[in-house]
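This report concerns only the one structure given below.
Counting convention: from 1, in listed order, for ligands and their atoms alike. Just so it is clear, the values below take in all heavy atoms, side chains as well, and ignore hydrogens, waters and symmetry mates.
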Amino acid sequence: EITKEQRALIKAILDAYNRHQIPQDVTKKLLQEQYSAEENFLLLTEVATSQVQVLVEFTKNIPGFLSLDREDQIALLKGSAVEAMFLRSAQVLSKKMPSGYTEVLEERIRKSGMSEEFMTPMFNFYKSIGELHMTQDEQALLTTITILTPDRPYVKSHEAVERLQETMLDVLRKLCVLQHPQEPQYFARLLGRLTELRTLHHYHVEMLTSWKTNDHKFTPLLCEIWDVQ
Ligand SMILES: CC(C)c1onc(-c2c(Cl)cccc2Cl)c1COc1ccc(-c2ccc3c(C(=O)O)c[nH]c3c2)cc1
């Protein structure tokens, strides 16, 4: 049974998740600019940079996050940014939007100069997220759980992060039972996506290297969070 405190936690996280979004002028540009590998890369870099800023603001609103050790807060953000962005872009791509935005975003990702070998796992992931038909609060909690992963590099107070993550896992488990009564395995399927995210994270390191070797430029924020350059 979901307790009063757990309901308050879901509400706080969902509000933060909905409050922090990429500004319209950034996402609109994706619909306006012309197509080319260079233009697609530049637009995706701009969107990714904006999404990192949104992610930082969202993370600060996760109850308990700001009471963690300061350096651990940074380590958690750096370690989870890519995975949180895979989740977020997956949620956007699984929504059909009237503006045809989803198709445009997918097209620009496919034609942004990354090598074929990453396309298949990436778009398989997008498909598997789409098939889950996650509710907004499940998406927000799954992103929170990804951010609160204790075994990121350089995290010192492993237990403190683990306690926070377990609180969120407990809430998500109850929510899944409540919202997907016909699918007893639904919670397990969500956690399976977190494992897939780790694999995509490893692919992403290689994606960055291949973009770097083709002399692609990233923004200072992305260089800092992804330790490139
Ligand atoms: C530096 C660039 C080239 C890069 O490197 N790796 C990846 C990359 C890729 Cl190519 C795939 C997955 C993850 C990453 Cl980091 C990227 C591009 O990353 C993103 C990040 C985030 C969005 C994204 C999020 C939200 C929304 C949204 C909404 O919320 O309303 C509307 N439009 C959205 C777009 C898209 C692409």
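- For atom 19 (C) of ligand 1, the nearest protein heavy atom (residue, atom name, distance) is A48 CB, 4.1 Å.
- Given atom 34 (C) of ligand 1, the protein heavy atom at minimum distance is V47 CG1, 3.3 Å.
- Counting only heavy atoms from C-beta outward, the side chains of R19 and N61 approach each other to under 4.5 Å.
- Side-chain contact of Q6 with D170: a donor-acceptor pair under 3.5 Å is present, judged by distance alone.
- Note that the CG atom of L14 and the CG atom of L141 stand 8.5 Å from one another [nearest 0.5 Å].
- Ring pair Y186/H180 is parallel by interplanar angle, where below 30° counts as parallel and above 60° as perpendicular.
- Contact annotation: for T45 versus ligand 1, heavy atoms closer than 4.0 Å belong to both the backbone and the side chain.
- Taking distance alone, with nitrogen or oxygen atoms compared against 3.5 Å, H204 approaches ligand 1 more closely than that limit.
- Remark: among candidates Y126, F123, Y101, the nearest residue to atom 32 (N) of ligand 1 is Y101, based on non-hydrogen atoms.
- Cation-pi geometry between R193 and F86 is not met at under 6.0 angstrom from the ring centre and within 45 degrees of the axis.
- Contacts between M114 and ligand 1, counted as non-hydrogen atom pairs separated by less than 4.0 Å, involve the side chain only.
- The side chain of W226, and not its backbone, has at least one atom closer than 4.0 Å to an atom of ligand 1 (non-hydrogen atoms only; side chain from C-beta on).
- Taking only non-hydrogen atoms, the option from L200, V92, V104 nearest to atom 27 (C) of ligand 1 is V92.
- Here the heavy atom of the protein found nearest to atom 24 (C) of ligand 1 is Q51 OE1, 3.5 Å.
- In summary, the atoms of ligand 1 found under 4.0 Å from a heavy atom of L222, numbered by their order in the structure, are 1 (C).
- The side-chain heavy atoms of F118 and H204, taken from C-beta on, include no pair separated by under 4.5 Å.
- Protein heavy atom closest to atom 9 (C) of ligand 1, with residue, atom name and distance, is M122 CE, 4.4 Å.
- A 4.5 Å side-chain heavy-atom check between L221 and Q53 finds at least one atom pair inside the cut-off.
- Two residues are said to be in side-chain contact when any heavy atoms from C-beta on lie closer than 4.5 Å; P63 and I13 meet this criterion.
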